[in-house]
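These notes are about the structure you will find just below.
In listed order, ligands and their atoms are each counted from 1.
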Amino acid sequence: MFFSIRWRLVITYVIIILLTMSSISTYVLDLLEEYSFDQEEIELLTRANIIANITSEYVKNKNKNIIEQIVNALEIDKSIRAVVTDTEANVLFDTARTGNYTGKVFVKEEIVEALAGKEDVKRRYEDEAGWFMNAAVPITKEGELVGVVYLSTSVQQISDFLEEIKRSLITISFIVSIMIGLLSAGLATAISAPVEKLTGVIKNMADGNLSQQVKVNGNDEIAQLGMAFNRMSERLSEQEEKRRQFVSNASHELKTPLSSIKILAESLLQTDNMDISIVREFLSDINGQIDRLSRITNKLLKLTKMDISENQIEMSEINVTALINEICTSLSPLANKKDINLVLNLEDDVRLLADEDKIWESIFNILDNSIKYTSPNGQVKIALETDVNGIYITIKDNGIGMPQTEANKIFDRFYRIDKARARETGGTGLGLAIALSAVQLHGGDITVESMEGKGSTFRIYLPYEIV
Ligand code: ADP
């Protein structure tokens, strides 16, 4: 659970906020602490130095009364304890009401330091009384050490104030972290919920239900992901439907000649003393069906190869004008048989970088159809033109034509308008599918315009450059 995007986002945000708040708090507290204690330290040392300067002569003489008068006259804050000692740490004067050290030896680290000639300030925690700041400065008279002034004051109030600020900062940090945590959880849910939904739908798809759609809201990155998924799912369903249709059509097309062969062969086997002329006729029919089977399988193989070898077209510079002339020559016996007039209007020496076999196959299939589906004495016109983008081959017949609604379907595999008639003409319904695949491999397209009873016009476009 903690590895989900939602939790990772929440934890990351909360850690960032906690780190930021704790660094800011530490910095602010350090600054406040330094400022407050520095002020107190300067004040104590200044007072101690004033006392040391004024009392030096009387400390040297150990004149306790004058020292007391001077210190009292200075009106030092009541909260500050002032102690004046001689060089032996014997207390000459002490303002303390309880635990007064006057006449006794007062040993403190700060006093020892001052007796060694150095000013010293320390903060100490004293049981029950709390935090204190102690300062000691040496008293000198004409360069000679004569005693020490020691001042001590409570800084517990400052410590309490800093402690209060620290507690407030910790509370604020926790409240802010909880708020950021809740906000980021909301944000993370808004991001991860659609992703989780999409994952569920993709799992469904992986289980075989290809037609899956997700609900899309808005136009952000997640919505675009949803839209892309919906498009992909639609395309996959279409492809799957086409594949199913193709397999069912292919099995049907292969089954028809196989059934005829089976029936003819069984008749031959079951009938005794069959007339030789009938036997020949049956065998010739079987032969015809075998030819048909091999035509279908050859074309299927060609289509399958084109499906899988998209990147394996063998490009070379071809002369399209010469290629069309060759195709017309090879189809002229068929045209002559039906007295169909082939009219050529070709630009000279049109060259193109293309796979010659595939382009040959495309033009051949379309021209072959135009002759096949045009009545005797008809006409088929072939034109070749060019422009800056590529070349255009137009094949126009005045044959049987077709309704425009059929024109969109004739490039589908195994699609034939009149199945019985097409079978008579040896059609498989694969010729135009092969032609279109070949042209599309070159980045081109084939369009058709047709009118029933008037004829059809096929236009092949092949670009100079495949984009
Ligand atoms: P077939 O092998 O059956 O000709 P095609 O894929 O080449 O298969 O053509 C598909 C169908 O398109 C044909 O069965 C025919 O009905 C129709 N067709 C193709 N070319 C023409 C045309 N020039 N005139 C009329 N119909 C055509």
Side-chain angles (χ1 to χ4, degrees), residues 242 245-246 248-250 252-257 288-289 291-307 324 327-328 330-332 334-335 337-344 358-383 392-441 444-460:
K242 272 193 184 168
Q245 194 71 46
F246 177 67
S248 122
N249 285 343
H252 179 75
E253 292 299 327
L254 293 171
K255 224 177 119 191
T256 315
Q289 295 299 338
D291 283 347
R292 180 166 170 73
L293 269 180
S294 77
R295 262 201 315 278
I296 295 174
T297 44
N298 279 341
K299 288 195 171 176
L300 274 177
L301 267 176
K302 267 185 200 158
L303 262 179
T304 322
K305 264 191 202 158
M306 259 189 271
D307 283 345
I324 295 176
I327 294 169
C328 287
S330 70
L331 281 172
S332 58
L334 189 69
K337 221 164 139 188
K338 292 174 77 179
D339 279 329
I340 287 173
N341 192 15
L342 292 182
V343 182
L344 275 76
K358 292 194 171 71
I359 299 300
W360 195 94
E361 182 98 26
S362 288
I363 304 171
F364 183 93
N365 285 354
I366 292 173
L367 188 58
D368 183 41
N369 277 345
S370 292
I371 299 169
K372 267 195 312 197
Y373 299 107
T374 297
S375 317
N377 302 312
Q379 189 183 58
V380 177
K381 287 184 184 168
I382 305 130
Y392 301 85
I393 303 157
T394 313
I395 298 168
K396 181 180 165 78
D397 65 59
N398 60 357
I400 60 167
M402 67 192 95
Q404 195 58 40
T405 44
E406 298 283 349
N408 303 322
K409 302 179 196 158
I410 54 173
F411 293 97
D412 291 349
R413 297 172 182 193
F414 292 114
Y415 191 82
R416 283 157 301 181
I417 298 170
D418 180 349
K419 289 206 178 194
R421 185 185 167 140
R423 224 169 262 138
E424 261 172 44
T425 56
T428 57
L430 292 172
L432 286 180
I434 293 174
L436 183 65
S437 287
V439 169
Q440 282 176 340
L441 276 181
D445 199 12
I446 306 177
T447 53
V448 58
E449 273 173 33
S450 188
M451 208 188 262
E452 219 172 350
K454 296 272 182 217
S456 312
T457 305
F458 286 82
R459 196 165 154 87
I460 304 174

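In this structure, OG1 in T428 is found 7.5 Å from CZ in R295, a value given to the nearest 0.5 Å.
Shown in contact with S456 at under 4.0 Å from a heavy atom are these atoms of ligand 1, numbered in order with element: 22 (C), 24 (N), 25 (C). Within ligand 1, counting atoms from 1 as listed, the ones closer than 4.0 Å to a heavy atom of R416 are 3 (O), 14 (O). Per-residue contacts place M402 under 4.0 angstrom from the following atoms of ligand 1 (heavy atoms of the residue considered): 25 (C), 26 (N), 27 (C). Those atoms of ligand 1 with a heavy atom of G401 less than 4.0 angstrom away are 25 (C). The distance from ligand 1 to the heavy atoms of N369 drops below 4.0 Å at these ligand atoms: 4 (O), 5 (P), 7 (O), 9 (O), 19 (C), 20 (N).
The heavy atom nearest to atom 27 (C) of ligand 1, considering only F458, F411, Y373, is found in Y373. Summarising the contacts of atom 9 (O) of ligand 1 with L432, N398, L436, the nearest heavy atom is found in L432.
A donor-acceptor distance shorter than 3.5 angstrom exists from the side chain of T297 to the backbone of S294, with no hydrogens or angles considered. Although no hydrogens or angles enter the test, the distance criterion places a donor-acceptor pair under 3.5 Å between the side chain of N398 and the main chain of Q379. Side chain of S450 to backbone of G455: a donor-acceptor contact under 3.5 angstrom is found. Panel note: side chain K338, backbone I371; a donor-acceptor pair is recorded below 3.5 Å. The main-chain N or O of L432 is never found under 3.5 Å from a side-chain atom of N365 such that the two would form a donor-acceptor pair.
Checked by distance only, ligand 1 and G429 come closer than 3.5 Å through their nitrogen or oxygen atoms.
Between I410 and A407, the shortest heavy-atom distance links the atoms CG1-O, 3.4 Å. Looking at every heavy atom in both residues, D445 comes nearest to V439 through N-CG1, 3.2 Å.
Note on ligand 1: N365 sits outside its first shell, no heavy atom being nearer than 4.0 Å. In this structure, K372 has a heavy atom closer than 4.0 Å to ligand 1. Look at G399 and you'll find every heavy atom at least 4.0 Å from all atoms of ligand 1.
Of the heavy atoms in L430, only backbone atoms (N, CA, C, O) come closer than 4.0 Å to ligand 1.
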